[in-house]
Amino acid sequence: MLHILRNMKPRDRWLALVCLLLVCGQVYFDLRLPDYTAEITVLISSEVTELSEYYSAGAKMLGCALCSAIMTVIVGYFAARIASDFSFDVRAKLFDKVSALGAGEIKKFSTASLITRTTNDITQIQMLIAMGLQMMLRAPIMAIWAIIKIIGKSWQLSVVVAAAVVIVVTSLVILLAVMIPKFRIVQKQVDDVNRITQENLNGIRVVRAFNAEKYQEEKFDGANTSLMKTQLFTGRGMAFLSPIMMFVQSCVSVGIYYVGARLINNINVPLNGTVSEMMTAVSDRATMLGDVVSFSSYALYVIMSFVMLLMIFMMLPRAQVSATRINEVIDCDIAVQEGTETTAAESGTVEFKDVSFRYPDASEDCLKHISFTAKKGETVAFIGATGSGKSTLAGLVARLYDATSGRVLVDGKDVSGYSFETLYNKVGYIPQKATLFADSVEGNISFGKSAQKVTTDDVEKALDIAQASDFVHAMDDGLQSHISQSGSNVSGGQKQRLAIARTIARKPEILIFDDSFSALDYKTDRILRQRIKTDLKGTTCLIVAQRIGTIRHADRIVVLDNGAVAGIGTHEELMNNCEVFKQIALSQLSADELAANA
């Protein structure tokens, strides 16, 4: 928690200091009220009192109450401002950190959990800061100040207050010891509810296709019920403190007035004494009555301070858990660090030199001693069984991960040496799952920052090469047609073509297609690859694919088998020399079809 609070802006720190000073002033004026109450009580007990004295004491009470109210409003405003600024900064920092996480780190946190941490967890801290600056500062100051003012007035009355404080503190300690573990569970259960909801929304078609609505409802109901039970437990536990506080407060009032009555009764008025002795005794009784009244008010302020602390303690455990969860993301070490290189002597070349890669926590390498070279303008394809490491290999070029051993070179330099902007201006990566944003077609195609500004003509040309012009211009608003979140209003094939067009529009030296033709029909697949070859001459293409037809005309084909290279060559060479490739080819096409296509 303190780690996060240290990130507060200097301006907000000064405002927090101002809040502290205002709270001290507020407590001062609040604690002056019992003094004037005692003064009025003594005046009432006095036989000879001018009416102006009541007005004077009442005016002072009104002035103290007004000053306290003004300071309370100012503190509330400053506290809300500080909390809002702080949550804004933490949310921005968290978003930037998540954006910088590599593929390896992102797997440590689920998407649902990251959303919860960016929203609900930060809200918990914001509420704590807003309330804390008002109550957490006020409560201890008021309690200590009130205790100082009652010390020395009467040890009998002080014992009553001390007993009440012991009961309240014991109750808080016991209850919080039980509640804090539950608050940790609550945030994880919120993650589960978000995760199941997100899964259901993303896979709604699959759920309906398999008549799994009931199963999903039961799955959600299980997570939701667990969350409800935990929150009910914490809510009931915290609600239990309220009647304890009210009971203690009432007992304190009764105890103070009972003990006070006994003390007043012990001050005897000598009926047979002199007038001076009788007046002194009466004055002592009036003074004691005033002390009892003021002592009662001070005691209630002490109890009120613990009630305010209770409200903070109800928020503190959950906010502490939220702060820990946020720090887990912010303090997460990023494996893929940005380099400084911005230039290269070569252009459009990719080379793997004895590259091996192992995922974190994996027991063995998923890529083993991979070596090959792709020269400028060449098309190099990768094929292999599911899980053979094709997409991982493509990800190493795009630097989603760093190689465990060996070197991945782009334009003759290790990819780890490039700045991210330089590398991604050179490399255009189209992943397996096409992702579109809630924007216009043109906004999606010209998305991001590239070495050269993407113009409308660039967008039109990229759509034409990607075979997307026809369906885009058939939309009502053409390039300005709206694309829904995740591209839900276009088909899978249309989504892939838009994703390919987006990468082509950036004019990279190297295009990486990570199984990016899987949703295209054979005709569109063939025409698109022909257009890339003719319109983008000099662009190096790395193609990960499952279809033999997609890669058979590549300059070189790299065959992967269990993470190792089983063969490298042209289609014809591999059909003669590589049994793994031959089996893949014959599983898709017959020998006659392969011969005819050749």
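One is the number of the first residue; the rest follow in order along the sequence. Every value quoted in this text rests on a predicted model; they were computed, and no experiment measured them.
Crowding of Lys461 atom NZ: a count of heavy atoms from other residues, nucleotides or ligands under 6.0 Å not exceeding 12. No more than 12 heavy atoms of other residues, nucleotides or ligands sit less than 6.0 Å from atom CG of Asp470. Within 6.0 Å of OH on Tyr522 lie no more than 12 heavy atoms contributed by other residues, nucleotides or ligands. In Phe88, the CZ atom is not crowded: 12 or fewer heavy atoms of neighbouring residues, nucleotides or ligands sit closer than 6.0 Å. Around atom CG of Asp414, more than 12 heavy atoms belonging to other residues, nucleotides or ligands sit under 6.0 Å away.
Side-chain contact between Glu199 and Lys219 is present, with at least one heavy-atom pair separated by less than 4.5 Å. Contact of the Leu393 side chain with the Phe357 side chain is not registered, since no non-hydrogen atoms from C-beta on lie closer than 4.5 Å. Between Ile568 and Glu573, the closest side-chain pair of non-hydrogen atoms is not below 4.5 Å. Annotation: side chain of Gln583 is not in contact with side chain of Val580 (no heavy-atom distance under 4.5 Å). When side chains are defined from C-beta on, Leu528 does not count as touching Ile465, because their heavy atoms never get closer than 4.5 Å. Residues Leu542 and Phe382 have side chains in contact (heavy-atom distance under 4.5 Å, counting atoms from C-beta outward). Using a 4.5 Å heavy-atom threshold, the side chains of Ile543 and Val380 count as separate. Between His571 and Ile548, the closest side-chain pair of non-hydrogen atoms falls below 4.5 Å.
A donor-acceptor contact under 3.5 angstrom links the side chains of Ser391 and Asp514, judged on distance only. Between the side chains of Asn194 and Thr116, at least one donor N or O lies within less than 3.5 Å of an accepting N or O. Judged by distance alone, the side chains of Tyr418 and Thr342 never bring a donor and an acceptor atom under 3.5 Å apart. Inspection of the Thr455 and Asp458 side chains reveals an N or O donor paired with an N or O acceptor under 3.5 Å. Side chains of Glu460 and Ser469: a donor-acceptor N/O pair is absent below 3.5 angstrom, by distance only. With hydrogens and angles left out, the side-chain atoms of Thr456 and Glu442 include a donor and acceptor closer than 3.5 Å.
Nearest heavy-atom pair, Ala381 versus Ala554, reported as atom, atom and distance to 0.1 Å: CB-CB, 3.9 Å. Residues Val559 and Leu574 approach most closely at CG2-CD1, 3.7 Å, considering heavy atoms. Between Asn444 and Phe437 the shortest heavy-atom distance is OD1-N, 2.8 Å. Annotation for Glu213 and Val207: closest pair N-CG1, 3.7 Å, computed over non-hydrogen atoms. The minimum heavy-atom distance linking Ala398 with Ile512 is given by the pair N-CD1, 4.2 Å. Annotation for Glu338 and Ser419: closest pair OE2-CB, 3.5 Å, computed over non-hydrogen atoms.
Taking CG of Leu94 as the reference point, atom CD1 of Ile122 lies at 5.0 Å (rounded to 0.5 Å). For the atom pair CG (Asp192) and CG (Asn224), the distance works out to 11.0 Å, reported to the nearest 0.5 Å. The structure places NE2 of His482 at 8.0 Å from CG of Asp439, a figure rounded to the nearest 0.5 Å. Taking CZ of Arg502 as the reference point, atom CZ of Phe447 lies at 7.0 Å (rounded to 0.5 Å). Note that NZ of Lys537 is 13.0 Å distant from NZ of Lys376, once rounded to the nearest 0.5 Å. Expressed to the nearest 0.5 Å, how far SG of Cys366 lies from CZ of Arg358 amounts to 9.5 Å.
Salt-bridge annotation for Asp365 and Lys368: absent, with no side-chain N of the basic residue lying under 4.0 Å from a carboxylate O of the acidic one. By the 4.0 Å N-to-carboxylate-O rule, Asp121 lies too far from Arg117 to be salt-bridged with it. Between Arg556 and Glu378, at least one side-chain nitrogen of the basic residue sits less than 4.0 Å from a carboxylate oxygen of the acidic one, meeting the salt-bridge criterion. Salt bridge Arg81/Asp85: present, at least one basic N to carboxylate O contact under 4.0 Å. The pair Arg529-Asp525 counts as a salt bridge, with a side-chain nitrogen and a carboxylate oxygen less than 4.0 angstrom apart.
Of the possible donor and acceptor atoms, one in the side chain of Ser516 sits under 3.5 Å from a partner among the backbone N and O of Ile430. In this structure, Thr349 contributes its side chain and Asp411 its backbone to a donor-acceptor pair below 3.5 Å. Between the side chain of Thr503 and the backbone N or O of Gly428, no donor-acceptor pair lies under 3.5 Å. The closest donor-acceptor contact from the side chain of Arg497 to the backbone of Ala468 lies at 3.5 Å or more, if one exists at all. Gln480 places no side-chain N or O within donor-acceptor distance of the main-chain N or O of Asp477, the cut-off being under 3.5 Å.
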Between Lys533 and Thr379, does a side chain to side chain contact (heavy atoms under 4.5 Å, CB included) hold up when you go through it step by step? CA-CA 9 Å; Lys533 189 171 185 178; Thr379 297; over 6 Å; no
Check against side chain to side chain donor-acceptor pair (under 3.5 Å), Gln126 and Ser87: CA-CA 6 Å; Gln126 180 178 347; Ser87 64; 3.1 Å; yes
Criterion side chain to side chain donor-acceptor pair (under 3.5 Å) on Thr524 and Asp521, from CA distance to verdict: CA-CA 5 Å; Thr524 303; Asp521 60 85; 2.7 Å; yes
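Aromatic ring centroids of Tyr359 and Tyr401 lie under 6.0 Å apart.
If you run side-chain hydrogen bond (donor to acceptor under 3.5 Å, both in side chains) between Ser518 and each of Gln496, Gln546, Arg547, only Gln496 comes through. For the salt bridge (charged side-chain N to carboxylate O under 4.0 Å, His left out) criterion with Lys426, the lone passing option out of Glu346, Glu509, Glu341, Glu421 is Glu509.
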